[in-house]
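Here is the structure we will look at, set down as structure tokens.
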Amino acid sequence: MSQLLVRITGLCAFVPKHAIREIPKDNQMRLLLVESNRPSDLPDGHAFHAHEPHVPVFLCPYQNVDQDKKYRQPDVVFGSTAAFYLDDQDLKIKNAKDNSLEVVLKNNAGRGCPEVDPEKGNITSFEWVAPLAEVSPGSGKIPDSCFCSSEVDPSVIARVELREGKILTEHLACDSSDRNAIVWEYKIPYSLKRGCHYQVAADVVRFEVDIEDSVVLITTPLRSNFSNVRVRDAFHPKAVLPIRLMTKEADIYTWVKNMPWADIFGTREPQRYEDEPDIHFSHFYKLSSEYKDANVPHAYGRCPLPVPHLGNPNCQPARTEPNPNA
Amino acid sequence: MADLILLITGLCAFVPKKDIKKYYENNNRMRVLLVDSEEPADLPHSHDPHIHELHIPVLICPHASVVSAEGYREADAAYLDRDQDPPRLMAVFYLDDQDLSIESIAGPNDYKLSIYGKEVGGECPNDDDESSFFWAAPLDKISSGFGNVRSACFTPSDVDASVISRVVLNEGEIRTGKRATLQDHRIIRWIYKVLHGTGGNRFRQVAADIVELRLTLPGTDVIFKTRLFRSESRNPRVREVFGKADGNPLSIRLKDPDKVWIKNMPWLDILGTRPKDAGDYKEDLHFAHFYKILEKYEDVNIPHIYQVCEKKDPRHGGNPNCQPCVAAYNDLA
């Protein structure tokens, strides 16, 4: 038995079907990758920070991709990594069982500093993922239009179904030294007023599921108009494109990212947001049914935490209130 | 013999060594300066959103033409170009903080570059001048006599921060590959003025959005030499590639490459994922980055669509392109 491990980072919002504290074991989630082409709701003068297009992609080792032409082939290859565009698509694991997701939860996570000893610590708790409902009270509710089977709300650029397996925090957002987790203050960009929520935040979430010698991922369009020309070409005239990954008798480490190409390719130094707020976070509010302030993370303090850096610039995802359609 | 067609588009400024009106036959040389886009251009702040999309300096060629052998660079990335029929796998090489030159018959200090075509006017083009190099937008006319590039852009090392990459062209013939058009292929006549400015007797011209170098080389292989011109590249991948070679120059060897591209544009345009109808901008804000390389300038004049000619340029560039420019000739080039 091998595992498919999917690391998730960038403009990605986790929507559980049920409240995670009430039903931590037989849950499921829909991952909403947020659109970034349109400006987010920011005060005048700061809007320019938010405009770098984020690209939704699935990344995996090229050697694991089944190159049989009946399966979807990578759109881009760099180093040993294959990239598949996810614009305007649903991604799901074929034959995944419904309501079979375990959400890893530990005590005292989601507030203050994590416990330093990893053995007894709580650094893997899913609750380190920034909760929109607390980051900006009232913003945690996601409209049903984000869960339609077609013509999905334009705030969503891609979706991933997480139905069977386990989900946990893989990595906490750290400073440049990689030794200190940052405590974030969520507030209106550059505001001198105190924020309404403080926490250490996950910047990489891990989803893992057991697989046999291969796994098939299904990609389907979630709207009729494609914003990516290459995706439009690939789906014409097909309605479903499967990606087959072969285990080669080992676990398969993959990524779902929604971030600028320069960060996906790793061609620029990571923006760690130690000195500047993470303005891109404001795109999440496009998903919200309603919200008061477009609060974004500002680095506020540090917690000592020896965690390894994952080798790529990451930015923090968010989680929302449950939605039965997720 | 290998016939190389090198297509150049995006934030690329051509700096001739000598006056191209006088030295156009086998006796000139150019330095192409690929302009940095990481720092904001000199535009009113409220318009910055459009200017901030990062442009990436790259060499693109058919992946099948890349010779994989010890001592030569491997592609940094590859993508399937569906604009070609059949779709073709293309290789991408990062050019950040590097000088690129073509290993050719001419020595590095020879001036054997020819300039194709005659001077063009400000009106819509005629049939007989479609490939003239003079369609490339002249910065000194656009910026009222301020087309001189700062000497720090030509130093052998620690080059001015406004330059992200450089290409030497000292042999072959340079011409317009394509003129900027609307999506329906009608040629655009541009007016160069401050953003949304009104009035004034501003410079107007049809503009090349792809410049083309044609070159015949001995043998079947084309070798591009790349060397770092900064002690440390801003691109971590470039640092890794040159770090393995202890910082020494590296070559890219291509076999029968057909067409090779030099681009300095956003990833979405390099990969061709942005819908083409998104490209019919009324003005080209990114042009403002060119002013970073000038000794001085008064107004940041940028291209605005002024008129659409009835004449079409049906040549398909394969990707959204943005217009390069020509700076004043400079002996340092």
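Chain letters run A, B, ... following the sequence lines, proteins first and then strands; every chain starts at 1.
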State the CZ-CD1 distance between A:Arg268 and B:Ile56, to the nearest 0.5 angstrom.
8.0 Å

So for B:Arg82, is it side chain, backbone, both, or neither that comes closer than 4.5 Å to the heavy atoms of chain A?
both

Closest non-hydrogen atom pair, B:Ala77 against A:Phe78
CB-CB, 3.8 Å

I want to check something: taking the side chain as every heavy atom from C-beta on, are B:Thr273 and A:Arg232 in contact at a cut-off of under 4.5 Å?
no

Cut-off 4.5 Å, heavy atoms of chain B, and the answer for A:Val55 is side chain

Should B:Leu54 and A:Pro260 count as side-chain neighbours, where that means a heavy-atom distance under 4.5 Å?
no

Working to the nearest 0.5 angstrom, can you tell me the gap between A:Phe265 CZ and B:Tyr94 OH?
5.0 Å

Residue part contacting chain B, namely of A:Thr267, when any heavy atom lies under 4.5 Å
both

Should we say atom OH of A:Tyr253 is surrounded by more than 12 heavy atoms from elsewhere, each under 6.0 Å from it?
no

State, yes or no, whether a side-chain contact exists between B:Leu271 and A:Tyr85 at a heavy-atom distance under 4.5 Å.
yes

More than 12 heavy atoms of other groups within 6.0 Å of A:Asn225 CG:
no

